[in-house]
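Reading through the structure tokens given below for one structure.
These numbers come from the heavy atoms of this one structure, side chains and all, not from hydrogens, waters or symmetry mates.
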Amino acid sequence: MPSHRPWSERELTTLAELAETFVRGDSLRRARLAADALDRAADPAQVAQLRLVLRLIESPLANLVLAGKPKGFAQMSPEDRERYVLGWGRSRLASRRSAFHALRKLMTFLAYADPGVPGPNPRLAAIGYRRDEPPVATELTPIQPVRPPFETGSRDEPMILEADAVIVGSGAGGGVVAAELAKAGRSVIVLEAGPFVDEASMPTDELDAFDRLYLNHGLLSTWDGAVTMLGGSGVGGGTLVNWMTSISAPESVRAEWRSEHGVPDVVGTAWDEDLRTTETELGVAETTPTPPKDDVILRGAAGLGWEAGPVRRNGSGCDDCGSCPFGCRRGAKQSGIRVHLAEAARNGARIIPRVRVTRVIIEKGRAVGVVGNALWTDPQTGEPVPSEDGTEPRTRRLVVWARTVVVAAGALRTPAVLAGSGLEHPAIGRHLRLHPVPVVAGFFSEPIDMWHGPMQAARSLQFSEPAHGRNSYAIESAPGHPGLLALALPWEGLEAHAEVMARARRIAPLIAVTRDGGEGESRLTKAGRVRIDYRLDAKGIATLRHGLGSMARLSREAGASEIVAVGGAPRWHGRGGFAHGSEEASFDRFVADLAAFDFRPNRGSVFSAHQMGTARMGEDARDHACDPGGRVRSIFGGRRASDDVIGGLYVADGSLFPTGIGVNPMITIMVLARRVARTILAET
């Protein structure tokens, strides 16, 4: 646990008052859940800033200046509180908008994600949500996680392990490399910062899933809160919780990698063969059946004459549950723990969860191992052992010596490990791509139940190639469960939000996975956390706006009676009827509004589940942290950037992408990781 000072009763009371303003009921419980989540997930500087906000809103003098009300928040009427927070959300000051959206996202999410204690949460029954509880797989994976030898030697000395190769991270890339190296007879250790969760222990509710299986316990965002993000954290990484959509990087993107970044063999036979091998291993096949939320895409596209078709995914034997974001209890999802990590384990790889690697050991220009902090766990229960003062979990240093080091910790954590190792290449942590996603929600007369059935069963690639003034994007469904849905939908007041959530069963949200248009960076804070910054450029904003218009047309053609483009200032079509003209004229005005939708930070809502590019590969040593084989370049010891590489050090995850790709990245990460594994086997 971080060493924040305890939350005061006054601070918790203010948090509870805010919780009650956003959603009625169980406000003190949500305040305590929120405080605990912030302590565990947020940077201390961000927590300190939020606590300052809590003090400010209870200051009569501050509120007189900021809101014209000489009262503390607690002394305001419920109506005044609502107007007060809405004023923060629409403020010209970015810091006030950021605070508003951080709090409203957290409090609305907790209101609908919490199953209730002792339960059940009455809001879930009120909106018609029924939680899936699929059967547990009868055949468990062969993975038996390894517990470091905490009890041996002095606590002040590091534990020592040795292997031919150590892999930092167990997601899509790390799993493939582990499988290939172990299959070739190499001794392999995989270190994962998150926990190992087998099928029998997979979460069955949204709050537990986000807490155990997602980066930052589900509270992942850019530093200013403008982009809400999701990322997996656990043995299997993103493959454990993703929606399984399996689309390779488009050929036009790969051709750009070849021509503009000097990456060979990404177009043609070599790529196609690796792709076929990967899809065969994962059992990738077309999704059946098509649930209502995805039929919206197919119906709308058919009426408009647009391209659309079934999603291909790495899952089989499941069409009746929607718990993929919680991990797959029935073992149908062909995630890392079912495929590549399982293969690695069968061939002797040791998989060690709950180890946060801090640096690569480099001696004489060569990687020789890694150093990390292992979470001390009880040998019987597997639970963390508290420190002597009880404030934090106990850890012990772990050193793994290996002649091959592969960093595959994801595009947000890989640059932190490289930078923490003394590597100073200017591209490390830069060129972050996120695939920014706008959301349009259509309201239908028939039940949609977006949370049931295959997560994504259809997509439209009508706009998968760039056009004048915009980038490419793919249109997909967004199968949110109630907490994520409550977070994403606009908050225009307590009653308005409750009314929209009451219709949750009839909502079909669509997303446009855009190929960026802007970039960011990932770097370490003073507290050792990862800070993520990202800014859209004009082309990126134009792409988001174009995506909103396309999704609105798709929803309308499929029969939506109302449509909303979500954001701090949402745009609606069909709400309240068409008193001032025909439906067609109203829709034309709506689409014109979307073409000017405000996507400045914390005005338009932007989401992302894909992170790429922070150690990108390419031929030009000056602006690519890795060469085309995944070998790490560096300015090390004062030398200038050159084609020299750190011997034995490789990257094998989405950090390698020279650019965004505009589609779900899992398959492309795996294909690139297979190439890196071949390079390693040829060189060691």
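- Results of the salt bridge (charged side-chain N to carboxylate O under 4.0 Å, His left out) test with E281 over R674, R276, R338 single out R674 as the only residue that passes.
- The minimum heavy-atom distance linking G410 with D653 is given by the pair N-OD2, 2.8 Å.
- Between the side chains of R186 and T684, at least one donor N or O lies within less than 3.5 Å of an accepting N or O.
- When side chains are defined from C-beta on, V632 counts as touching L423, because their heavy atoms get closer than 4.5 Å.
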(message) Would S248 and W271 count as a side chain to side chain contact (heavy atoms under 4.5 Å, CB included) here? Give the steps.
(response) CA-CA 10 Å; S248 172; W271 182 275; 3.3 Å; yes
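- A donor-acceptor contact shorter than 3.5 Å links the side chain of H425 to the backbone of A621.
- Side-chain contact check for V676 versus E180: every heavy-atom pair is 4.5 Å or farther apart.
- Partner of V405 under the side chain to side chain contact (heavy atoms under 4.5 Å, CB included) criterion, chosen from I167, V370, I361, V400: V370.
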(request) Run the numbers on R413 and V407 for side chain to side chain contact (heavy atoms under 4.5 Å, CB included), then give the verdict. (result) CA-CA 9 Å; R413 300 300 191 263; V407 185; over 6 Å; no
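- Annotation for L375 and P393: closest pair CD1-CB, 3.4 Å, computed over non-hydrogen atoms.
- With respect to E343 and K183, no salt bridge is recorded, no charged nitrogen being found less than 4.0 Å from a carboxylate O.
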(request) Decide yes or no on side chain to side chain contact (heavy atoms under 4.5 Å, CB included) for H624 and H261, but give the supporting numbers first. (result) CA-CA 9 Å; H624 296 80; H261 298 272; 2.9 Å; yes
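- Looking only at distances, no side-chain donor or acceptor of T404 sits under 3.5 Å from a matching main-chain atom of A165.
- Heavy-atom minimum distance, V284 versus I667: CG2-CD1, 4.4 Å.
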(request) Evaluate the salt bridge (Lys or Arg N to Asp or Glu O under 4.0 Å) criterion for residues R258 and D265: first the C-alpha distance (whole Å), next the side-chain angles of each, then the deciding distance (0.1 Å), finally the verdict. (result) CA-CA 8 Å; R258 180 181 61 187; D265 299 328; over 6 Å; no
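- Atom CG of D516 is separated from atom OH of Y534 by 3.5 Å, given to the nearest 0.5 angstrom.
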(message) side chain to side chain contact (heavy atoms under 4.5 Å, CB included), that's the test. Do R631 and L649 meet it? Break it down for me.
(response) CA-CA 6 Å; R631 306 173 190 88; L649 181 58; over 6 Å; no
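- Between W376 and F150, the ring-plane angle classifies as parallel under the 30° and 60° cut-offs.
- Using a 4.0 Å cut-off between a side-chain N of Lys or Arg and a carboxylate O of Asp or Glu, R397 and D156 do not qualify as a salt bridge.
- Between L418 and V651, some side-chain heavy-atom pair lies under the 4.5 Å cut-off.
- Using a cutoff of 4.0 Å between basic side-chain nitrogens and carboxylate oxygens, R675 and D274 are not scored as salt-bridged.
- Classified by interplanar angle (parallel below 30°, tilted 30° to 60°, perpendicular above 60°), the ring pair F326/H481 is tilted.
- Put simply, the side chain of S221 never gets that close to the backbone of M229: no donor and acceptor are under 3.5 Å apart.
- Side-chain contact check for L432 versus E519: every heavy-atom pair is 4.5 Å or farther apart.
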